[in-house]
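Data block below; observations after.
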Amino acid sequence: MPLSNHCDDLTSFLDDVHTLDKLKNVLDADILEQAFEYAGVATVRRRRLPLEAIMWSVIGMSLFRNETVWDIASRLDITLPGKNKLVAPSALVQGRQRLGVDAVYHSFRLLAQSAFYKHAFEQWCGLNLLAVDGVSFRTQDNEENRSAFGSDSNQFGESSYPQIRMCSLMEVSSHLLLDSSFDARHVGEMTLAKRLLSSVPDDSLTLFDRGYYSLGLLYQWQRQGKNTHWMLPARKDLQYQVERHISDEDKIITLHTSPQAKSKFKDLPEQITARLTTYKVDGKSYRVLSSLIDPMRYPYDELTEVYTQRWEIELGFREMKQGLHQSKHALRSKKPDMVRQELWGLLLAYNLIRIAMIDATKAEEILIPRQLSFSLCMRYIIAFFMLTPIHSASKLPVHYEELLTTLRLFVLPDRLPDRRYPREVRKKPRKYPYKRKCQSILN
């Protein structure tokens with residue numbers, strides 16, 4: 001066979017080996033196939049632009065936030081078979097419409113469940129620590145998005161950009177998202193939190209913000225699985241009846257449900273037993289309400305320190321919006337369905353980075369994922385997608401291990417326990433500068 005034919009065969013082989021092959025080390029192809037089947041978009045027909053490539057282009061919209069659709073396809077080496085390998089932006093747009101929202105959603109859910117049950121996370125008294133909180137994302141300002149999502153309003157009508165409200169369930173030691181739910185701006189976080197009930201794992205303690213106080217929600221959360229508990233700050237006007245005292249600062253109480261709550265939650269009993277714990281930090285008194293009524297298994301000294309972990313979900317939201325989303329003013333998609341798809345792609349990209357950070361800390365017993373710098377790890381993981389040699393598939397696990405070794409170098413310094421940011425009243429700026437004589441008189 002002539003040498004030119006050998007070169008043609010080699011070129012054809014290298015064209016078939018592209019970046020999607022090394023992405024399989026991060027996102028299992030079986031998860032994508034299951035997600036496509038659940039969403040009803042899987043087909044026997046082999047298309048020139050497969051669904052796997054479209055899925056990675058959606059993820060790439062978050063990994064390469066400043067790049068165009070054309071550049072994202074180039075970054076991830078998404079090409080067509082045959083001689084005409086360039087992918088037109090219109091083909092990717094049509095592919096996103098063919099992929100739909102449910103396929104990206106199921107990919108996120110399957111990946112989150114697989115990662116959570118595959119890895120062992122830091123526990124507190126035998127419980128996995130979780131947190132629930134909400135956040136909002138702006139969308140492009142057009143009539144379709146305003147009609148689908150809505151925005152803030154005042155006496156003059158709607159103002160600001162259309163916004164989509166999201167509520168998430170996060171594992172606090174790794175910042176891994178277990179589930180999320182989002183809807184229009186007018187849908188409350190309490191409603192979105194109810195949609196997360198099916199994702200609550202057994203043997204877990206979920207930390208809520210004060211605004212999630214709802215006996216119906218908390219009762220369902222506790223009954224959702226085996227040994228599933230909750231904790232949140234107690235309201236100042238909390239009405240309760242003391243059942244017994246564990247100590248002066250710790251007591252078991254009875255909470256009476258209201259007729260309004262029982263009308264919304266049909267299985268809600270007349271009263272709920274909870275634990276009210278009081279403690280002081282720098283002379284200030286705090287109270288937390290929880291379902292941890294066993295004082296032997298959950299001692300007072302450890303109970304007073306666990307609620308501070310709830311702040312981790314706020315840091316996770318900051319990583320998403322400032323790090324991965326790069327503090328952009330709004331999501332880039334213009335259609336409501338594509339906005340939902342892009343947001344699921346953002347959460348999926350975030351979890352992919354977090355899973356790589358979890359893999360990096362498995363070899364270090366004293367290191368947990370949240371101790372690594374998310375921004376630095378994100379940059380090196382994106383560089384892994386772009387720069388790793390892909391012509392030898394057998395070497396990809398080796399390159400991935402080298403990536404994990406590099407990620408372990410980005411350890412953050414220990415947090416300062418006494419760090420404080422007191423509120424201050426700033427001087428109101430003047431519209432006009434003072435004259436020199438007036439300034440001298442004022443001085």
Side-chain angles (χ1 to χ4, degrees), residues 22-32 34-35 38-39 52 55-65 76 101-122 128-133 135 137 166-182 196 198-201 204 312-326 331 340-362 368-370 372-382 384-385 400 403-404 407:
K22 66 186 174 188
L23 299 180
K24 295 177 182 178
N25 284 323
V26 185
L27 180 56
D28 191 354
D30 294 337
I31 290 179
L32 295 181
Q34 294 180 41
Y38 289 156
E52 294 85 352
M55 177 69 75
W56 277 109
S57 70
V58 174
I59 298 174
M61 292 174 63
S62 298
L63 295 177
F64 307 99
R65 187 62 182 83
L76 296 178
V101 180
D102 291 342
V104 189
Y105 162 71
H106 287 297
S107 298
F108 167 80
R109 285 288 303 273
L110 292 172
L111 178 66
Q113 293 174 3
S114 174
F116 180 77
Y117 291 106
K118 177 182 177 181
H119 299 90
F121 298 98
E122 187 182 46
N128 286 305
L129 288 181
L130 314 176
V132 168
D133 207 352
V135 69
F137 287 87
M166 184 179 76
C167 186
S168 298
L169 176 66
M170 178 180 289
E171 200 283 324
V172 299
S173 69
S174 63
H175 292 191
L176 178 72
L177 286 176
L178 303 187
D179 197 5
S180 287
S181 176
F182 49 80
L196 305 176
S198 60
S199 300
V200 182
S204 62
E312 297 298 330
I313 192 171
E314 302 285 358
L315 300 179
F317 288 153
R318 185 184 67 178
E319 293 165 351
M320 275 184 253
K321 300 189 76 171
Q322 296 185 9
L324 193 57
H325 195 54
Q326 298 185 16
L331 299 170
R340 298 183 183 97
Q341 184 191 73
E342 180 185 350
L343 188 51
W344 283 122
L346 173 69
L347 303 182
L348 184 54
Y350 177 80
N351 264 3
L352 288 175
I353 296 173
R354 275 293 165 188
I355 289 172
M357 297 170 67
I358 294 171
D359 290 339
T361 55
K362 285 195 300 186
I368 58 177
R370 72 184 184 196
L372 300 181
S373 170
F374 177 83
S375 58
L376 292 178
C377 290
M378 177 188 69
R379 295 171 188 173
Y380 271 78
I381 292 170
I382 293 175
F384 170 79
F385 292 154
Y400 186 67
L403 170 67
L404 300 183
L407 298 186

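Counting begins at 1 with the first residue of the sequence.
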Point to revise | side chain to side chain contact (heavy atoms under 4.5 Å, CB included) evaluation trace for Arg109 with Ser199 | key: CA-CA 9 Å; Arg109 285 288 303 273; Ser199 300; 3.5 Å; yes
Exercise for review: Could you go through the side chain to side chain contact (heavy atoms under 4.5 Å, CB included) check for Phe64 and Ile382 one step at a time?
Suggested key: CA-CA 8 Å; Phe64 307 99; Ile382 293 175; 3.4 Å; yes
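Contacts of Glu314 classified as salt bridge (Lys or Arg N to Asp or Glu O under 4.0 Å), with partners at least two apart in sequence or in another chain: Arg310. Every side-chain contact (heavy atoms from CB on, under 4.5 Å) that Tyr380 has, sequence neighbours left out, goes to Leu403, Thr406, Leu407, Phe410.
Taking both residues in full, the closest heavy atoms of Leu196 and Ser168 are given as CD1-C, 3.9 Å, listed atom of the first, atom of the second, then distance. The shortest heavy-atom contact between Asp359 and His119 is OD1-NE2, 3.0 Å. Minimum interatomic distance between Val101 and Arg340 (heavy atoms only, all atoms of both residues): CG1-CB, 4.0 Å. Counting all heavy atoms, side chain and backbone alike, Ser107 lies closest to Leu32 at OG-CD2, 3.7 Å. Closest approach of Ser180 and Phe108 over heavy atoms only: N-CE2, 3.9 Å. Across Leu176 and Ala112, no two heavy atoms sit closer than the pair CD2-O, 4.3 Å.
Atom CE of Met61 is separated from atom CD of Glu342 by 4.0 Å, given to the nearest 0.5 angstrom. In this structure, Leu324 CG and Ser375 OG are separated by 11.5 Å, a value rounded to the nearest 0.5 Å. Rounding to the nearest 0.5 Å gives a distance of 13.5 Å between CE of Met170 and CG of Leu129. Rounded to the nearest 0.5 Å, atoms CG (Asp133) and CE (Met166) are 10.0 Å apart. Here the CD atom belonging to Gln34 is positioned 11.0 Å from the NE2 atom belonging to His106, to the nearest 0.5 angstrom. The CD atom of Gln322 lies 10.5 Å from the CG atom of Leu315; values are rounded to the nearest 0.5 Å.
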Throw together a table of side-chain donor-acceptor distances under 3.5 angstrom for residues 343-358, partners on residues two or more places apart or in other chains.
from	atom 1	to	atom 2	distance (Å)
Tyr350	OH	His175	O	3.3
Tyr350	OH	Glu319	OE1	2.7
Asn351	OD1	Leu177	N	3.0
Asn351	ND2	Leu177	O	3.0
Arg354	NH1	Ser174	O	3.3
Arg354	NH2	His175	ND1	3.4
Arg354	NH2	Glu319	OE1	2.9
Arg354	NH2	Glu319	OE2	2.8

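Put simply, the side chain of Leu331 reaches to within 4.5 Å of the side chain of His325, judged on heavy atoms.
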